[in-house]
> 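Encoded as structure tokens, here's the structure I'll be asking about.
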Amino acid sequence: MSTFTTTDAALTRDEMAKIVAVDIPAGAFVNLGIGQPTNVSNFLTSEQGVTLHTENGMLGMGPVATGDEIDGDLINAGKIPVTELPGASYFHQADSFAMMRGGHLDVCVLGAFQVSGGGDLANWHTGAPGAIPAVGGAMDLAIGAKSTWVMMGLFTKAGESKLVETLSYPVTGLGCVSRIYTESAIFDLADNKVTVRSTHGISFDELVARLPVDLHKA
Amino acid sequence: MSTFTTTDAALTRDEMAKIVAVDIPAGAFVNLGIGQPTNVSNFLTSEQGVTLHTENGMLGMGPVATGDEIDGDLINAGKIPVTELPGASYFHQADSFAMMRGGHLDVCVLGAFQVSGGGDLANWHTGAPGAIPAVGGAMDLAIGAKSTWVMMGLFTKAGESKLVETLSYPVTGLGCVSRIYTESAIFDLADNKVTVRSTHGISFDELVARLPVDLHKA
Amino acid sequence: MAPRIAATAAEAVANIHDGATVMIGGFGNAGQPMELIDALLDCGASNLTVVNNNAGQADAGLALLIKERRVSKVICSFPRQSDSWHFDEAYRAGELELELVPQGNLAERIRAAGAGIGGFFTPTGYGTMLAEGKETRMIDGRGYVLETPIHAEFALIKALRADTLGNLVYRKTARNFGPIMATAAKQSIVQVDEIVAPGSLDPENVITPGIFIDTLVTIGDTNS
Amino acid sequence: MAPRIAATAAEAVANIHDGATVMIGGFGNAGQPMELIDALLDCGASNLTVVNNNAGQADAGLALLIKERRVSKVICSFPRQSDSWHFDEAYRAGELELELVPQGNLAERIRAAGAGIGGFFTPTGYGTMLAEGKETRMIDGRGYVLETPIHAEFALIKALRADTLGNLVYRKTARNFGPIMATAAKQSIVQVDEIVAPGSLDPENVITPGIFIDTLVTIGDTNS
């Protein structure tokens, strides 16, 4: 029985975020990194009972703060003012990263420059000459959670695949990514095998032709 | 200028405890281990502003609890009910021993089976065949504080010196003891040199004759 | 996942199986989850490895587990006490393996397991019998011993109060090993005096975040 | 020793000398001890090594220290931001050394310094540029990097409230690096909104025990 699905149109960013949200198990503890993945929080339902972690020291993070809710002492990892939900807790940086590194988070969703078929992640540094490097919590997030998922565009502006055989950008973490959500396809990575769960606005055969890694149909 | 002093009589346990108490600097953070050294707390003055640490997870420990003060959740490292002073704080075991190991306590006062002239301490295990070993916090206390002081009888029941050239009992910590208080003399240990600060009920010359380490007069 | 709320201590420990490694909180009686230990005795699991500061006292709790030979190994810092007769007997009979660990190294090894640290260099124990066979290293002129994390399948913990999300607060020196054991075990089982609604605990004062907790059981007020 | 209570931020930082290593708390603006940093700017100390999560933003605080070339080295996790122009310029000019550390390793190295740990094996950074030249080890099939403690002579911290013994509580995510930096520095200097009498803080809720604190200064209520 195949579980492979396909749609005619590429996924919008919101559609991607919604699919990620649905895939997050009920009751999970989740870190949504910064940037695009934070949009996933807008599609989590209260029935899911998902608890959000922000690595600057909080569990039970609520939505972005607005108006009078804005409090400079309550921000997320992207330095955006947020709110706290009932049952929240605060902790210091060593405890926060111990929580991540110790494998206590269920899912972490990150952006990426490249992911290899073996699950290696590059998302912290372009490696361009003269670029000033900055890593933040990227390497901790990559290897800490029970599952690390990536959300990214599948192709560069030049049309090259960001799902690669071997990273050309500097490594963030080795063998850590287990799922990739893109506008064109969703991939499961396990045991050096890349399985295409769905395609969107592209056929499986076109995908095989454009990507430099072996692909299996779900 | 000699600072050496002498008294005709050996020190009682209370006299020893009082001298230790006087030697503790004002404002110091101190751990008094278990057993004999805990008696030092009875001679600390409130003007000294000394804060007591107990390694089971508290700073600002007060006197032994009596009557209605007794609370099974508030005990010291010897499992004796104690009280809390204003300004106390509680913390877990990893934080408590981080505080010790990280060198944050000013003084730790311990009992001993033997101390070597180089400051090696033996106080956790007799090494006797069949003895069941138990270490507790002894090794952490020995090496953690800025200064580790020992209170002990100078001689065994058989009359042998417990200040030795080389330990015959199993080591608790190497080179960690900087002062020894005994009924017969008080010793400063530094750079493999043993200085006698005072004698009590014994002359300096007698001490030199009875102890197997080189002694210097303060 | 919000913790399971068990109706009884027996239900709380029902998953503990033969051969499991079980951390048990407490220093002396303070913080000792006595009702959970009694339930573990009743549930019949054997061949256990127990991680605790001590090795049981008198004729209760962990001491009875040892008396019944349900424990094959104890990892602890201070087994020998005036009333540790069941430990003493089992140990002398060669029926109980002992891994003796300085208390601070025990605490740090438990923390390391919860924090994903693969090992650490500690000055405690350097040059002693308890470092024999272990890797050592001089760092800035001081001797250190390499110690490794202690993981467990289960932790039995006593806290004062939980919310339904598993956030915990403790009471005075009964806090001791609870917060670190909760992080080091795959399943942390906690007995509390009461369970309150989310939002009832001040987020600033939560000592153990609920992410570490799997099972809660109320045992009534055992402090008064 | 109970902490010194300084009358002004200038008095609080007066001991900081040329060549000192200074930890500065904060993640973004939350928990950033802005008045202490301004006082450090005024006091004139130079050739500083600064440990902070970032490397200054816009034209304030740490960014100005860097602009004035008072900082010779930054140990941080995230220097490059949209408004880190002073860092960018000094770094590109080769006038500022950068030690880039993954945020969790930065936090754990600071904790290790305060906890007397000589080094630890962490999985974070294994196989990356940031582990180049560092000792690595496979433990149970997983790669780890040996990281070393980061000690400092001074820490500048912002907390919400202190008692006169130096016990501290923080506020929300402004807690971040304060509690660990307080343990890792020889002298911890803390700005607070208010200083209260011993006994005013619940001993269960103290986040940083006073043993770690050397200097307190009240800066009024900067949160509202």
Side-chain angles (χ1 to χ4, degrees), chain B residues 34 54-59 61 65 71-84 88-103 120-122 124-127 130-144 167 169-176, chain C residues 25 27-32 53-55 57 76-81 84 87-88 91-92 98 100-112 114-115 122-131 142-143 158 160 170-181 183 207-208 222-224:
Chain B
I34 58 175
T54 182
E55 63 263 35
N56 50 318
M58 182 187 195
L59 271 173
M61 180 172 65
D71 179 336
D73 284 345
L74 180 45
I75 60 175
N76 67 12
K79 293 167 188 163
I80 293 166
V82 292
T83 51
E84 82 182 23
S89 55
Y90 297 104
F91 28 82
H92 63 57
Q93 285 292 287
D95 280 350
S96 185
F97 281 81
M99 198 179 282
M100 293 156 66
R101 198 193 306 109
D120 299 344
L121 172 67
W124 76 282
H125 189 20
T126 61
I132 295 177
V135 63
M139 291 182 181
D140 302 275
L141 288 163
I143 59 93
L167 301 180
Y169 285 115
V171 175
T172 305
L174 296 175
C176 55
Chain C
F27 178 89
N29 286 323
Q32 193 172 183
N53 190 61
N54 305 109
Q57 296 175 260
C76 75
S77 87
F78 208 77
R80 188 204 59 220
Q81 299 185 255
S84 60
F87 169 83
D88 297 4
Y91 179 76
R92 290 195 198 283
L98 170 66
L100 189 70
V101 185
Q103 194 172 338
N105 288 356
L106 182 66
E108 190 71 9
R109 292 175 66 186
I110 294 168
R111 178 195 178 268
T122 171
T124 303
Y126 178 79
T128 75
M129 273 172 54
L130 299 186
R142 188 171 198 194
K158 180 181 174 183
L160 174 64
Y170 301 82
R171 190 164 175 276
K172 302 191 185 283
T173 58
R175 186 183 300 189
N176 57 64
F177 284 92
I180 50 173
M181 287 182 170
T183 71
I207 302 301
T208 294
T222 55
N223 292 309
S224 63

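Chain A is the first sequence line, chain B the second, and so forth, proteins listed ahead of strands; every chain is numbered from 1. Keep in mind the model is a prediction, meaning the values are calculated, not measured.
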> Could you tell me whether the side chain of B:Asp120 and the main chain of B:Gly175 form a donor-acceptor pair under 3.5 Å?
yes
> Is it the backbone or the side chain of C:Arg111 that comes under 4.5 Å from a heavy atom of chain B, or both, or neither?
side chain
> With a 4.5 angstrom heavy-atom cut-off, which part of C:Asn105 approaches chain B: side chain, backbone, both or neither?
both
> When only pairs under 4.5 Å are counted, which of C:Ala174, C:Ala30, C:Gly104, C:Ala55 shares the most heavy-atom pairs with chain B?
C:Gly104
> Against chain B, label C:Tyr170 side chain, backbone, both or neither, depending on which of its atoms sit under 4.5 Å from a heavy atom there.
neither
> Counting only non-hydrogen atoms closer than 4.5 Å, does C:Arg109 touch chain B with its backbone (N, CA, C, O), its side chain (CB onward), both, or neither?
neither
> Based on non-hydrogen pairs under 4.5 Å, which of C:Thr122, C:Asp88, C:Leu106, C:Asn29 is most in contact with chain B?
C:Asp88
> Looking at side-chain heavy atoms only, is the closest gap between C:Leu130 and B:Pro170 below 4.5 Å?
no
> Taking side chain as everything from C-beta outward and backbone as N, CA, C, O, which of these in C:Gln32 sits under 4.5 Å from a heavy atom of chain B? Side chain, backbone, both or neither.
neither
> Is B:Ser89 in contact with chain C via its backbone, its side chain, both, or neither, using a 4.5 Å heavy-atom distance?
neither
> Do any N or O atoms from the side chain of B:Thr54 and from the backbone of B:Ala77 form a donor-acceptor pair under 3.5 angstrom?
yes
> Tell me which of these, B:Asn56, B:Asp95, B:Leu174, has more heavy-atom pairs under 4.5 Å with chain C than the rest.
B:Asn56
> With a 4.5 angstrom heavy-atom cut-off, which part of C:Ile207 approaches chain B: side chain, backbone, both or neither?
neither
> Can you tell me if C:Thr173 uses its side chain to pair, donor with acceptor, with the backbone of B:Ile75 under 3.5 Å?
yes
> Which answer fits B:Asn76, side chain, backbone, both or neither, if we ask what part of it has an atom under 4.5 Å from a heavy atom of chain C?
backbone
> Mind ranking C:Phe87, C:Phe78, C:Tyr126 by heavy-atom pairs under 4.5 Å with chain B and telling me who comes out on top?
C:Phe78
> State, yes or no, whether a side-chain contact exists between B:Leu74 and B:Met58 at a heavy-atom distance under 4.5 Å.
yes
> Let me know if C:Tyr91 has heavy atoms under 4.5 Å from chain B in its side chain, its backbone, both or neither.
side chain
